[in-house]
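Reviewing the structure listed below.
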Amino acid sequence: MHKISVKINGNAYEEEVESRLLLVHFLRDKVNLKGTHVGCDTGNCGACTVFLNGKPIKSCNMLAVQADGAELTTIEGLERDGALHPVQEAFLDKFAIQCGYCTPGMVLSALALLQSNRRPNEEEIREAIEGNICMCTGYQQIVDAVAHAADLMGQSRS
Amino acid sequence: MSATNFIGQSVKRKEDYRFLTGEGTYTDDVVLPRQTHACFVRSPHAHAKIRKIAKDKALKAPGVVAIFTGEDIAAAKVGGLPCGWLITDVNGAPMKEPPHPVLAQGKVRYVGDHVAVVIAESIEQARDAADLLETDYEVLPAVVNASVARAQGAPVLHDIAPDNTCYVWGIGDKAAVDKAFASAHHVTTLEFVNNRLIPNAIEPRAANAQYSRSDESYTLYVANQNPHVERLLMTAFVLGLPEHKVRVVAPDVGGGFGSKIYLYAEDVVLTWAAKQVNRPVKWTAERAESFQSDAHGRDHVTRAELALDREGRFLGMRVMTTANVGAYLSTFASCVPTILYATLLAGQYTTPLIYCEVTAVFTNTAPVDAYRGAGRPEATYVVERLVETAAREMNLEPAEIRRRNFIRQFPYQTPVALQYDTGNYEATLAEAIQAADVAGFPGRKAEAAKRGKLRGLGYACYIEACGIAPSNIAGSLGARAGLFEAGEVRVHPTGKVTVFTGSHSHGQGHETTFAQVVASRLGIAVEDVDIVHGDTGKVLFGMGTYGSRSIAVGGTAIVKALDKIVAKGRKIAAHLLEASEADIEFTDGVFRVAGTDKQAPFAQVSLAAYVPHNYPLDKLEPGLNENAFYDPTNFTFPAGSYVCEVEVDPETGSTQIVNFTAVDDFGKIINPMIVEGQVHGGLVQGIGQALTEACVYDTDSGQLVTGSMQDYCVPRADDVPSFRIGTKETPCTHNPLGVKGCGEAGAIGSPAALINALTDALGVRDLEMPATPQRVWRAANKKAA
């Protein structure tokens with residue numbers, strides 16, 4: 001067992017974990033943040049996407065011990081003062097959600113894109129979320145939502 | 001428009017806030033007190049005798065609570081999994097129904113077959129112990145291909161089916177069809193494979209079963225599309241438990257596409273084991289288990305022929321299909337390649353004579369069952385590939401040959417049992433042709449050719465049959481279940497409403513769409529309506545969601561209950577307003593005495609029902625709560641026209657979909673944005689079948705080659721285009737909402753449109769799905785050479 005300290009959504013956690021425990025299971029089962037999902041176990045589907053030190057990672061491809069000392073953001077950490085983040089707002093506006101299972105990972109990947117590219121075109125959006133599989137939507141409404149989120153984030157900055 | 005008519009409005013989804021904030025509750029999110037975890041030990045062999053299973057070492061592993069094998073299950077007299085549809089063979093005999101044990105009895109029949117379950121304090125401990133379970137197999141020769149399985153000397157899966165044949169089934173007048181072919185001007189023949197697919201709902205299957213000793217009751221949380229059916233099958237046919245002592249909850253479910261309709265072995269084993277260990281037992285599939293053991297889809301090999309006269313009018317169709325049903329019959333496996341397939345072979349056309357024969361075959365592969373479209377994509381592929389090929393062979397425009405054969409008079413009785421109530425096929429085709437700018441195609445093709453690229457255009461005009469019904473007809477065709485739906489409308493004293501539906505949403509957005517229907521009918525706000533589904537402890541009954549039946553059948557059940565609410569409200573209002581019931585009108589949420597200003601809003605009437613002081617107690621019960629069961633009189637028949645334009649790079653074999661236009665007729669549409677999303681999703685699944693997805697088993701070993709997301713290619717965002725979508729509304733004639741259903745259309749129509757476009761681009765007669773770059777490159781370069 002190893003003791004790890006992480007900050008998740010601004011809160012500090014200290015836990016004893018097995019060395020083989022994956023970060024995604026640490027988040028889900030030890031910290032009880034159930035919004036991060038497991039879809040494929042092989043790093044292909046992106047349902048487990050979280051931010052680690054500001055960068056999106058697939059938390060099923062990382063051990064919890066490797067995250068020792070890191071700052072993490074999960075889907076539960078996006079709202080501010082009870083208001084949805086503009087990316088969440090945009091997904092709601094554009095019907096970018098069906099079953100909801102891929103949504104947390106998709107929202108975080110979209111946010112990562114918009115942090116580095118404020119005005120992505122359709123091709124850039126599709127490329128940026130190609131690591132996140134959605135089996136329901138056919139992606140079109142998600143693409144529309146990400147473009148809409150760029151608009152909303154532009155407005156919220158001005 | 002009325003302020004309270006929400007039909008046709010893209011009301012934002014009520015369910016999305018929880019999904020966006022990580023507050024959805026999927027089955028794996030449910031953790032119960034004293035939770036244990038299960039790991040299923042699965043067969044590593046496609047076909048083998050189990051010589052011995054030794055538990056001793058595994059039982060001593062840390063944290064192990066219990067281990068059960070097929071022997072334990074047999075000793076406890078746990079039954080096998082039932083098949084819900086009896087198909088009768090052409091020779092009059094019932095189909096072969098081999099036992100489908102929940103843990104293997106003496107023999108395993110596919111890679112992933114369930115051998116044992118290890119239950120431990122943690123999932124890691126369960127897996128560690130599973131590795132220590134000693135299983136000794138005698139490996140047998142395996143067969144994964146249906147035609148090989150029927151050959152002399154093939155390995156035999158089940159003693160009761162020595163030729164591995166489940167049934168040979170036929171529909172139509174074979175002699176008359178043969179005669180039509182004999183005198184035809186032209187016959188188009190195609191042979192093709194409808195590739196086996198693995199559904200891959202992004203939430204893996206999961207279950208968590210709990211037993212309560214105090215009242216001998218069970219609760220099963222399960223990722224499932226129809227919890228009441230799951231309960232009925234499990235209690236009445238497998239475990240012999242009292243139905244009222246079992247509650248099945250299907251909470252948020254992360255996609256289904258058919259794969260979560262069925263009663264699976266894991267659900268039964270967990271429920272049974274929860275009592276044995278007297279603790280809750282939870283299992284969540286790893287993706288590798290999903291690949292191996294979720295019911296697969298399609299897997300047909302077909303020879304199809306179309307007979308035409310000189311003008312390109314269809315005279316007859318003859319279709320011989322071999323359907324691979326896998327190692328065992330899954331819940332609805334038998335009706336998918338028969339009742340849901342051959343009955344759709346008329347398509348949108350007046351083909352007067354159709355004969356179809358289907359041979360269902362057992363192989364050493366995962367069971368095959370309904371996957372989005374279920375029989376109808378296979379039928380549409382047959383019809384639309386034949387029609388397009390016939391047009392090319394007879395030098396007719398593909399659109400023109402379709403127009404010459406469209407059904408134009410309704411109701412229309414097809415030669416394959418169905419009666420279409422309504423449709424307007426010319427209108428969807430005309431709009432699709434315009435939206436796709438088919439007129440500009442030759443110019444685009446020429447421009448592409450200058451760049452060394454091959455452009456092609458293909459059509460598909462599909463029909464589907466949704467909301468399978470009525471129950472008595474289905475019963476006469478072999479269905480072992482009813483096909484109605486139930487709904488309950490509970491009006492609270494303050495006029496707020498909770499609606500309980502037997503339909504289930506696993507992404508479809510029923511909480512919003514159904515609320516729009518209820519709010520519109522009662523003249524109240526959408527926010528004042530909550531929809532409850534997926535819990536046998538709350539919902540009166542239900543047949544669940546599959547076959548695009550929710551709004552047409554489940555929605556209508558709710559409307560029927562709402563009619564009763566309004567009828568009772570009218571009586572209450574008549575009393576309150578001191579008028580005759582016949583004079584009471586109900587519009588926009590207000591009961592009015594016709595021609596006067598006397599009125600009582602809905603909430604006043606509901607309050608009166610629960611505080612019945614001024615109330616006709618001598619004639620009317622208090623309260624405002626109604627339920628209804630609705631059994632449709634017919635299927636609904638959504639239809640549409642798809643036009644696909646592709647550009648192929650002959651150097652690399654890569655295919656780009658440069659335009660995909662879909663014009664669908666779903667009847668009345670409740671929420672356009674939700675419907676669009678259903679179409680997009682269906683289209684991409686169909687494109688996956690046509691271009692990227694193939695389930696492959698090794699023909700020698702029977703191992704699943706495509707057993708992970710690394711090997712099985714589902715479309716990603718940069719693999720697919722944005723679609724041009726249009727709708728026509730020809731309302732269904734036999735349900736009060738005029739709705740038809742939209743969930744499967746995209747997956748039904750798109751594979752044929754794509755392959756028609758690709759074969760056009762490549763100038764080849766056929767191209768096997770999935771049209772991978774390798775296959776496309778070969779076709780392109782063989783032609784060049």
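Lettering follows sequence order; numbering is per chain, from 1.
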Between B/V253 and chain A, which part of the residue has a heavy atom less than 4.5 Å away: side chain, backbone, both or neither? backbone
Segment of A/V143 engaging chain B (4.5 angstrom heavy-atom cut-off): neither
Contact part of A/L78 toward chain B, heavy-atom cut-off under 4.5 Å: side chain, backbone, both or neither? neither
Check whether B/R13 reaches the backbone of A/A96 with its side chain - one donor and one acceptor, N or O, closer than 3.5 Å. no
Is it the side chain or the backbone of A/V87 that comes within 4.5 Å of chain B heavy atoms, both, or neither? neither
Could you give the distance from CD1 (B/I202) to NE2 (A/H37), rounded to the nearest 0.5 Å? 11.0 Å
Contact part of A/E122 toward chain B, heavy-atom cut-off under 4.5 Å: side chain, backbone, both or neither? side chain
Pick one of side chain, backbone, both or neither for A/I125, based on which atoms fall under 4.5 Å of a heavy atom in chain B. neither
Which region of A/E130, side chain (C-beta onward) or backbone (N, CA, C, O), has a non-hydrogen atom less than 4.5 Å from a non-hydrogen atom of chain B, or is it both or neither? both
Heavy-atom contact with chain B under 4.5 Å, split by part of A/Y139: side chain
Determine whether a donor-acceptor pair (N or O, by modelled atom type, separation under 3.5 Å) exists between the side chain of A/D41 and the backbone of B/R287. yes
Testing the basics here: between A/R126 and B/S722, what is the closest heavy-atom pair and its distance to 0.1 Å? NH2-OG, 3.0 Å
Any donor-acceptor N or O pair under 3.5 Å, side chains B/Q710, A/T42: no
In terms of heavy-atom proximity below 4.5 Å to chain A, should B/F257 be classed as side chain, backbone, both, or neither? side chain
Okay, B/E124 and chain A: the region with an atom under 4.5 Å from a heavy atom over there is both
Quick check on A/L84 against chain B: is it the side chain, the backbone, both or neither that has a heavy atom closer than 4.5 Å? side chain
Would you say CD of A/E123 has more than 12 non-hydrogen atoms from neighbouring residues, nucleotides or ligands within 6.0 angstrom? no
Look up atom CG in A/D93 and atom NZ in B/K12, then write down how far apart they are to the nearest 0.5 Å. 3.5 Å
Under 4.5 Å to a heavy atom of chain A? For B/E15 that would be neither
Is there a donor-acceptor pair under 3.5 Å between the side chain of A/E127 and the backbone N or O of B/D718? no
May I ask you to say whether B/D28 pairs ionically with A/K34, meaning some side-chain N is under 4.0 Å from a carboxylate O? no
Validation row: A/Q140, B/E676 side chains within 4.5 angstrom (heavy atoms): no
